[in-house]
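All residue numbers in this chain count up from 1 along the given sequence. Side-chain atoms are counted along with the backbone in the values below, which use heavy atoms only and exclude waters and symmetry mates. All values reported here derive from a predicted model rather than from experimental measurement.
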Amino acid sequence: MKKMNNKLAAVIMVISGFIFTGCSQDTDPIIDVPVVEVDNELNGQITEDVTLDPSVEYTLTGSYEVLAGATLTIPAGTKIVAEKGTEVYIAIHQDADIVISGTESNPVIMTSASKATGDWGGLVILGKGITTEGTNVTAEVGGFQYGGTDNADSSGSIEYLVIEGAGAQINADSQYNGLTLYAVGSGTNISNVAIQNGADDGVEFFGGAVSVTGLYLENNEDDAVDWTEGWNGTITNVYVLHTIEGFSTAIEADGVNNNPTIVNFTAVSTTGGTALQFKKESGATFEGLSLTGYDTSIDMKDNGPLANVYIEQKIADPESNYTTPSSTSQSSFDWINNRSSVESSILHGAVEGRVELDASVTYSLNSSYIVQEGGELVIPAGTKIIARDGGTDVYIAVLKGGKIDIQGTEANPVVISSTEANPGDWGGLTIVGNATTTEGVDAVAEVGGFKYGGNEDADNSGSIKNLVIAGTGAQINSESQYNGISFYAVGSGTVVENIAVINGADDGVEFFGGSVSATNLYLENNEDDAVDWTEGWNGTVTNVYVNHSIDTFSTAVEADGANNNPQLVNFTAVSTTGGTALQFKKESGATFSNLYLEGYTDNIDMRDGGALSNIQIDGADATTDGNYTTGSKVDISAWIWIEASL
């Protein structure tokens with residue numbers, strides 16, 4: 001279209017198929033303005049400016065290409081329905097523009113009739129930005145050319161766009177993405193884009209410097225966000241949701257590291273999987289990263305340097321799950337009418353404020369569920385939580401300054417278990433406090449990298465009453481596993497009563513310093529130690545019953561480190577398969593009152609030759625040859641909360 005003189009003002013009106021041209025009184029009539037007629041079918045190539053009509057529902061019947069010099073304008077509320085096919089897509093060539101002017105109340109929608117994955121090819125934009133592949137590179141889509149030397153290149157603007165059902169298969173090795181940005185420059189403005197149900201990536205950047213603000217990416221079967229060829233833009237306010245099996249990643253990065261910036265990136269999976277994958281030398285800088293539900297947080301696929309990935313001003317740590325409160329406002333995506341959400345019965349993410357569960361609902365624990373500082377998780381009597389057999393990334397944690405209130409009753413305990421209750425299915429319950437530990441203040445836990453330890457021995461992390469846990473102990477690494485319940489520097493203000501831990505692959509309960517006490521513990525067939533403590537724990541456990549009917553468990557008690565003389569009152573341990581009852585490492589010790597041991601090959605093992613006088617049993621120094629059957633067994637016949645859970 002010819003450029004008009006700035007003094008000209010015109011209104012072109014299409015009424016009943018006739019075109020009227022008006023002008024102000026002091027200007028010449030407008031002439032020679034080409035009008036491109038568009039029916040409701042889109043295909044072929046356009047070489048002149050085209051503006052679609054939002055009152056028309058368009059059908060995309062083939063490739064629709066905007067060639068150099070032309071602009072495709074798509075007003076708010078326009079809907080384009082693509083036919084199914086590999087050659088059905090929209091492409092914006094180099095030196096062409098697209099202007100999508102959706103609004104929050106009237107987004108532009110590009111979809112297929114069924115909205116099924118892989119129906120069509122999506123939106124492709126080709127620019128003249130810099131890519132490591134050079135200039136005039138041939139794209140895998142359509143053989144189009146992209147790439148140049150102008151990282152400030154503009155391909156137009158996109159605002160409030162929904163793309164559904166893209167990702168058609170090009171060949172055995174390639175598929176379309178929802179939105180493909182080939183060397184698109186920073187002069188292109190892209191904000192508020194939703195890409196849902198794609199058979200390949202949601203959005204992929206091939207070099208260039210374009211930035212995007214406001215990305216919602218749901219159930220794209222390969223990667224939600226993918227980049228390669230040296231892209232170095234920024235994406236801000238991103239929400240990724242995975243509720244399907246078999247997807248690839250939330251982010252896949254490949255090639256050289258031009259250090260793109262990712263700000264406020266939230267990704268949620270209800271099915272595990274990998275969150276962030278970096279290939280070759282790729283990397284990025286993250287600010288405001290929140291990951292929930294992934295089995296792997298960071299995968300350096302080709303062993304590239306972790307230093308290339310910076311998260312919250314620190315080098316990335318694959319041992320961290322990065323489950324933190326989301327910095328991405330979900331309300332900013334309310335303009336997407338058909339977006340999914342995680343069912344309220346699925347427990348995941350961060351607990352801020354007070355959250356109370358509903359005992360009438362059977363909950364699924366699909367990932368980490370972490371009570372933050374200032375948060376409180378209330379679990380009423382009779383609540384059942386089924387943990388996904390997802391290993392180390394499925395657990396409940398209560399951080400420093402957070403609280404848990406488990407309100408089970410003897411007749412209606414709270415039960416948290418995997419479906420089969422097999423050892424190692426999931427991670428268990430971890431509580432982190434501010435009490436004293438020999439590791440000092442803000443020690444780093446082997447679970448989740450959480451910080452624990454302070455100087456408040458009366459610290460209160462809440463109350464746990466009538467709880468049954470089964471199938472815990474997932475393997476963290478070659479040295480560490482989760483326990484049924486891990487007490488990290490938990491203070492004496494915390495109430496722990498009537499607890500059963502059954503079929504754990506590691507310890508039943510372990511105390512890492514702190515001064516918390518517990519009453520009525522039933523510990524059955526935990527494969528490592530039933531009760532374990534270290535780092536100077538100095539609380540009391542009263543009425544403990546340990547039952548071993550499996551081979552190759554470790555001990556009924558393992559104690560390690562400094563001896564702060566914890567108290568064990570009414571402690572019964574019974575084995576039908578031999579093994580070791582009480583093992584003390586280094587200088588550890590304890591005082592036992594009413595100890596009863598039955599069926600163990602070794603009752604006392606001083607692993608590192610520590611002093612037997614550190615262990616006082618019913619008023620006397622421990623002896624390695626004592627049989628310790630003179631005490632009375634703890635009577636568990638009244639512990640109906642165990643039976644009620646089965």
Side-chain angles (χ1 to χ4, degrees), residues 45-50 63-74 89-102 108 110 121-159 161 163 166 170 174-193 195 200-215 223 225-236 252-262 282 284:
Q45 297 178 331
I46 61 173
T47 59
E48 299 174 314
D49 294 355
V50 169
S63 62
Y64 191 48
E65 301 176 35
V66 183
L67 301 187
T71 297
L72 173 63
T73 300
I74 307 179
Y89 58 85
I90 297 174
I92 314 302
H93 285 248
Q94 289 181 314
D95 293 320
D97 285 324
I98 187 168
V99 177
I100 295 177
S101 304
V108 170
M110 299 179 181
L123 174 61
V124 179
I125 304 178
L126 304 118
K128 287 189 167 181
I130 297 171
T131 162
T132 56
E133 296 298 294
T135 59
N136 294 326
V137 186
T138 301
E140 61 186 359
V141 174
F144 303 138
Q145 288 189 331
Y146 70 98
T149 59
D150 184 8
N151 257 352
D153 187 38
S154 173
S155 297
S157 63
I158 298 174
E159 193 166 7
L161 168 66
I163 298 175
I170 299 171
S174 302
Q175 287 174 278
Y176 292 90
N177 307 299
L179 175 61
T180 307
L181 301 169
Y182 280 103
V184 175
S186 61
T188 309
N189 296 313
I190 303 177
S191 62
N192 299 313
V193 176
I195 305 172
D200 200 59
D201 302 335
V203 58
E204 183 165 7
F205 302 86
F206 291 84
V210 65
S211 295
V212 181
T213 299
L215 267 178
D223 312 303
V225 177
D226 193 342
W227 69 78
T228 185
E229 300 183 12
W231 172 64
N232 69 343
T234 298
I235 54 175
T236 304
E252 180 187 274
D254 196 3
V256 302
N257 180 23
N258 267 357
N259 194 32
T261 302
I262 317 298
S282 59

- For Ala253, does its backbone N or O pair with a side-chain atom of Ser282 as donor and acceptor, under 3.5 Å? yes

Any donor-acceptor pair under 3.5 Å linking the side chain of Asp254 with the backbone of Thr228?
no

Notebook entry, point to check: Is there a donor-acceptor contact under 3.5 Å from the side chain of Asp97 to the main chain of Gly156?
Noted result: yes

**Asked** Would you find a donor on one side and an acceptor on the other, under 3.5 Å apart, between the side chain of Asn177 and the backbone of Glu204?
**Response** no

The side-chain hydrogen bond (donor to acceptor under 3.5 Å, both in side chains) partners of Glu65 (sequence neighbours excluded) come to Gln45, His93

Judged by modelled atom types alone, do Asn192 and Glu159 share a side-chain donor-acceptor pair under 3.5 Å? no

Under 3.5 Å, is there a donor on one side chain and an acceptor on the other for Ser174 and Glu140? yes

Checklist line | Backbone of Ala152 reached by a side-chain donor or acceptor of Asp150 within 3.5 Å | finding: yes

CD1 (Ile125) and CD (Gln94) are apart, to the nearest 0.5 Å, by 13.0 Å

Is the ring pair Trp231/Phe205 parallel, tilted or perpendicular, if the boundaries are 30 and 60 degrees?
parallel

Could you check whether any side-chain heavy atom of Thr131 comes within less than 4.5 Å of a side-chain heavy atom of Val137, counting everything from C-beta outward? yes

Does the ring centre of Tyr89 sit less than 6.0 Å away from the ring centre of Tyr176?
yes

